[in-house]
Amino acid sequence: QVQLVESGGGLVQAGGSLRLSCAASGRTFSSYAMAWFRRAPGKEREFVAANSWSGGSTYYADSVKGRFTISRDSTQNTVYLQMNSLKPEDTAVYYCAADHSRRNPETMTRIYDYEYWGQGTQVTVSS
């Protein structure tokens, strides 16, 4: 089992940047596929970015491609989401997710693809 704790959210102006962190417990962090999802006010939780269990492959939602980057540091048991060129429509609660799956990240874009979830961190982008 793994526990996930997100941090790094906050208030930023449009065009700015933030880096979210997701600290994972457990000694087998390197075997987990990791992802970020978000839920905007009044909307359902949606996929943002995924990183394969090996860390070698990534996949992004079209809405964030070219602006967001998912990465991991296995020595720190942490996954990051670097968010650049933020837009007001990026405002949401961002969630970290993990799963034991070895599937390619482009096939893991649904909520039920992931077994473990963090509590979320709020990101607010002002115009």
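Checked by atom type and distance alone, the side chain of S25 never pairs as donor or acceptor with a backbone atom of V2 at under 3.5 Å. The backbone N or O of R72 lies less than 3.5 Å from no partner atom in the side chain of N51, so there is not a single donor-acceptor pair. Side-chain N or O atoms of T109 include none that pairs as donor or acceptor with a backbone N or O of E106 at under 3.5 Å.
When all heavy atoms are compared, the tightest approach of S17 to Q82 is CB-NE2, 4.0 Å. Residues S101 and A33 come closest through the heavy atom pair O-CB, 3.7 Å. In terms of heavy atoms, T78 sits closest to S21 at CG2-CB, 4.1 Å. C96 and M34 make their closest contact through SG-CE, 3.7 Å (heavy atoms, listed as atom of the first residue, atom of the second, distance). Taking both residues in full, the closest heavy atoms of R67 and S85 are given as NH1-O, 3.0 Å, listed atom of the first, atom of the second, then distance. What you find for L86 and L18 is that their closest heavy atoms are CD1-N, 3.9 Å.
Between H100 and Y32, the angle of the ring planes lies from 30° to 60°, which puts this pair in the tilted group.
Note that OH of Y80 and OG of S7 are 9.0 Å apart. Values are rounded to the nearest 0.5 Å. Taking CD of Q13 as the start and OG of S126 as the end, the distance is 5.0 Å to the nearest 0.5 Å.
Geometrically, R38 does not engage Y95 in a cation-pi contact defined by less than 6.0 Å to the ring centre and at most 45° from the axis. A cation-pi contact, defined as under 6.0 Å to the ring centre and within 45° of the axis, is absent between R103 and W53. For the pair R45 and F37, the NZ or CZ position fails the cation-pi test of under 6.0 Å to the six-membered ring centre and within 45 degrees of the ring normal.
Residues V64 and M108 do not share a hydrophobic cluster, clusters being chains of Ile/Leu/Val/Met/Phe/Trp/Tyr side chains in contact below 4.5 Å. Taken together through direct or relayed side-chain contacts under 4.5 Å among Ile, Leu, Val, Met, Phe, Trp and Tyr, V93 and I111 form part of one hydrophobic cluster. Note: the hydrophobic cluster containing L20 does not contain Y59 (ILVMFWY, side chain heavy atoms under 4.5 Å, direct or indirect links). Hydrophobic clustering of Ile, Leu, Val, Met, Phe, Trp and Tyr side chains at less than 4.5 Å, counting indirect connections, keeps F47 apart from M83. Side-chain heavy atoms closer than 4.5 Å link hydrophobic residues (I, L, V, M, F, W, Y) into clusters, and following such links, possibly through other members, connects L4 to L81.
Looking at D113 and R110, a side-chain N of the basic residue comes within less than 4.0 Å of a carboxylate O on the acidic one, giving a salt bridge.
Residues Y60 and T69 form a side-chain contact, since some pair of their non-hydrogen atoms from C-beta on lies under 4.5 Å apart. Using a 4.5 Å cut-off on side-chain heavy atoms (C-beta onward), V48 and F68 make contact. The shortest side-chain heavy-atom distance between Y116 and Q3 does not fall under the 4.5 Å cut-off. Contact of the T124 side chain with the V12 side chain is not registered, since no non-hydrogen atoms from C-beta on lie closer than 4.5 Å.
Other residues, nucleotides and ligands contribute at most 12 non-hydrogen atoms within 6.0 Å of the NZ atom of K43. Under a cut-off of 6.0 angstrom, the local environment of CD in Q122 is crowded, with over 12 non-hydrogen atoms contributed by other residues, nucleotides or ligands. The local environment of CD in E89 is crowded, with over 12 non-hydrogen atoms from other residues, nucleotides or ligands closer than 6.0 Å.
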